[in-house]
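Here the structure comes first, spelled out in structure tokens, and everything after it is commentary.
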Amino acid sequence: MNAAQDQWWRTAVIYQIYPRSFADASGDGIGDLRGITQRLDDLAALGVDAIWLSPFYVSPQKDAGYDVADFTDVDPLFGTLDDFDAMVARAHDLGLRVIVDIVPNHSSDQHAWFQAALAAPEGSAERARYIFRDGRGEDGSEPPNNWHSVFGGPAWTRSTNADGSPGQWFLHLFDSTQPDFDWSNPEVLEEFDRVLRFWLDRGADGFRVDVAHGLIKADGLPDFAFDDDANSMGGTEGPQSPYFGLDGVHDIWRRWRSVVDEYDDRILAAEAWVLPLSKMAKWVRSDEMHQAFNFAYLETDWKAADLRDVIDESIEQFGAVGAPSTWVLSNHDVVRHASRLALTADNPQGHGIGPRSAGLPDTQLGLRRGRAASTLMLALPGSAYIYQGEELGLPEAIDIPDEARQDPTWFRTAGERYGRDGCRVPLPWTSQAPAFGFSPSGETWLPQPAQWAQLARDLQHGDPSSTLSLYEQALRLRREFGTATATLEWIDTVPDGVVAFRVGELSVYAVVDPGTSIPLPSGEVLLSSAPVTDTIPADTTVWLRG
Ligand code: GLC
């Protein structure tokens with residue numbers, strides 16, 4: 001094997017499975033590991049190289065599993081460790097690598113460590129694994145500082161002493177059931193080395209590292225003058241936040257890299273919402289992680305000039321540290337791109353959309369743009385992430401009844417923000433089956449829109465005009481033409497409003513801006529996100545040979 005083959009992650013297409021919503025074998029309405037194993041053949045047929053699974057660990061599910069009570073066991077909702085082993089074995093048989101999520105910023109409040117911390121006195125070793133502080137004000141009834149939770153409301157909750165009196169406060173950048181660890185404590189570092197090795201020993205090919213920009217907090221936990229993005233995941237270029245993007249995290253990633261490097265071929269991928277990209281690139285220096293999610297790309301508007309800029313900057317900044325760029329349009333935290341790209345009002349990350357939101361998208365325009373955007377993304381050199389359901393062209397589920405919503409964001413903002421449920425609705429596999437084939441019982445933990453009968457995988461399979469076929473062809477051609485390792489060269493003979501480039505033998509034309517169109521260039525049309533005649537209309541991407 002040569003070095004390039006070895007570094008499979010440089011070109012990989014990685015498919016994100018959100019286990020709750022992928023496939024339910026048990027019939028309880030929540031997806032599970034056996035369901036995933038049963039459907040792996042479909043993913044191999046799609047042509048992806050790897051899967052990444054959002055958390056399936058023991059958890060009270062207050063944040064859909066990102067609140068972990070035991071980092072080295074499977075929650076009974078999702079199955080058992082044996083089910084995990086069987087899933088990995090089947091994936092490896094099919095040539096698919098398996099990346100698992102790791103959540104180091106916080107645990108669930110039900111984790112044994114946090115329970116011990118609550119039971120232990122102030123200043124104890126048990127409390128020192130988390131961030132407990134005295135409150136402000138005479139009776140300590142004010143939070144220790146002014147930080148906000150990403151999900152809304154304060155980032156502190158007051159604990160109760162064993163005798164029932166009000167106690168110290170603990171920090172939680174997310175839900176109050178997700179206390180933050182203190183990463184300056186060597187015990188925390190050692191525990192996570194153990195967690196990494198546990199999954200590596202079981203055959204995991206790597207980790208997607210949750211909130212990889214948040215582990216280190218500024219000394220003294222100073223107040224922060226928030227800007228308008230106060231509750232966001234970071235990723236703005238304003239003043240340095242005291243909890244997102246601090247340089248101290250890099251020592252942790254160097255340590256983790258040395259653990260992962262004890263094994264062959266395993267990777268670390270950062271969920272780090274930091275800007276500018278020159279800063280994000282620090283997460284993927286050669287002795288840190290292998291990849292970082294390119295959220296700058298995800299957040300770019302559907303505008304040709306902006307897309308060209310972010311593509312250039314990504315290739316330059318990641319290239320400067322010897323890392324491949326990644327490309328991503330959707331995940332379980334953002335409005336699905338087949339809806340997002342047609343929104344007509346601002347919608348900050350994590351706020352979500354629902355029936356009362358402003359600027360709701362036109363469904364047909366959204367799907368058309370979604371297909372064009374995916375066809376553009378999959379031609380770019382580097383590694384790409386696909387979020388389950390985007391290969392079916394799924395839109396965001398907007399009409400979820402208020403009483404069915406489950407995202408902590410919805411509760412912590414008293415319904416002011418819908419949150420992320422709309423991108424987490426269980427997948428439609430079979431048009432004419434209970435729960436569209438998601439669950440044999442017909443149960444689903446979030447309701448599926450009736451219109452999804454038309455988007456079910458069985459109807460799309462074998463239909464050359466379907467979104468599923470578009471993805472299958474794109475992945476096949478990407479592999480055949482080696483575009484992921486090619487050098488991108490801009491084609492400058494196109495009008496504003498068009499993104500055009502060559503990658504190896506392919507020429508790619510994405511006609512983006514409204515009202516723009518171009519004559520179909522010469523060459524053989526290999527792939528097209530929408531029908532083309534002798535012109536390529538707006539919201540269309542075409543791959544040509546020649
Ligand atoms: C990450 C996850 C998100 C979760 C949060 C807290 O952003 O992607 O789903 O809510 O971390 O763990």
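Every number for a ligand or one of its atoms is a count from 1 in the order of the listing. Everything numeric in this text was worked out from a predicted model, so none of it was measured.
- Judged by a 6.0 Å distance limit and a 45° cone about the ring axis, Arg133 is not positioned over the six-membered ring of Trp169.
- Listed by number with element, the atoms of ligand 1 under 4.0 Å from a non-hydrogen atom of Arg420 are 3 (C), 4 (C), 9 (O), 10 (O).
- In this structure, Arg127 is positioned above the aromatic face of Phe132, its NZ or CZ under 6.0 Å from the six-membered ring centre and within 45° of the axis.
- One finds no salt bridge joining Glu396 and Arg340 here, because no Lys/Arg side-chain nitrogen approaches an Asp/Glu carboxylate oxygen to under 4.0 Å.
- The protein non-hydrogen atom at the shortest distance from atom 9 (O) of ligand 1 is Asp333 OD1, 2.7 Å.
- Remark: distances from the non-hydrogen atoms of Lys62 to ligand 1 are all 4.0 Å or more.
- Numbered from 1 in the order shown, with element, the atoms of ligand 1 that lie under 4.0 Å from a heavy atom of Phe151 read 10 (O).
- Phe174 CE2, 3.8 Å is the protein heavy atom nearest to atom 5 (C) of ligand 1.
- A donor and an acceptor atom, one from each side chain of Ser54 and Tyr66, are located under 3.5 Å apart.
- Note on Asp407 versus Arg417: no salt bridge recorded, every NZ/NE/NH1/NH2 to OD/OE distance being 4.0 Å or above.
- Judged purely by distance below 3.5 Å, without hydrogens or angles, the side chains of Gln115 and Trp113 never pair a donor atom with an acceptor atom.
- Of all the atoms in ligand 1, the ones that sit under 4.0 Å from a non-hydrogen atom of His106 are 6 (C), 12 (O).
- No close placement of the Trp52 and Phe207 rings is indicated, their centers lying 6.0 Å or farther apart.
- Taking a cutoff of 4.0 Å between a charged side-chain nitrogen and a carboxylate oxygen, Arg97 and Asp49 do not qualify as a salt bridge.
- Residue contacts with ligand 1 for Arg424 involve side-chain atoms from C-beta outward but no N, CA, C or O (heavy atoms, distance under 4.0 Å).
- Using a 4.0 Å cut-off to heavy atoms of Met233, the atoms of ligand 1 that qualify are 7 (O).
- When only non-hydrogen protein atoms are considered, atom 7 (O) of ligand 1 lies nearest to Glu271 OE2, 2.7 Å.
- For atom 4 (C) of ligand 1, the nearest protein heavy atom (residue, atom name, distance) is Asp63 OD2, 3.4 Å.
- When the heavy-atom distances from atom 2 (C) of ligand 1 to Thr409, Val211, Asp210 are ranked, the shortest goes to Asp210.
- The shell of residues lying under 4.0 angstrom from ligand 1, judged by heavy atoms, excludes Trp273.
- In this structure, Arg208 is part of the shell of residues with a heavy atom less than 4.0 angstrom from ligand 1.
- Figure legend: Arg20 and Trp445 shown as a cation-pi pair, the cationic atom lying under 6.0 angstrom from the six-membered ring centre and within 45 degrees of its axis.
- Using a 4.0 Å cut-off between heavy atoms, Tyr18 makes no contact with ligand 1 at all.
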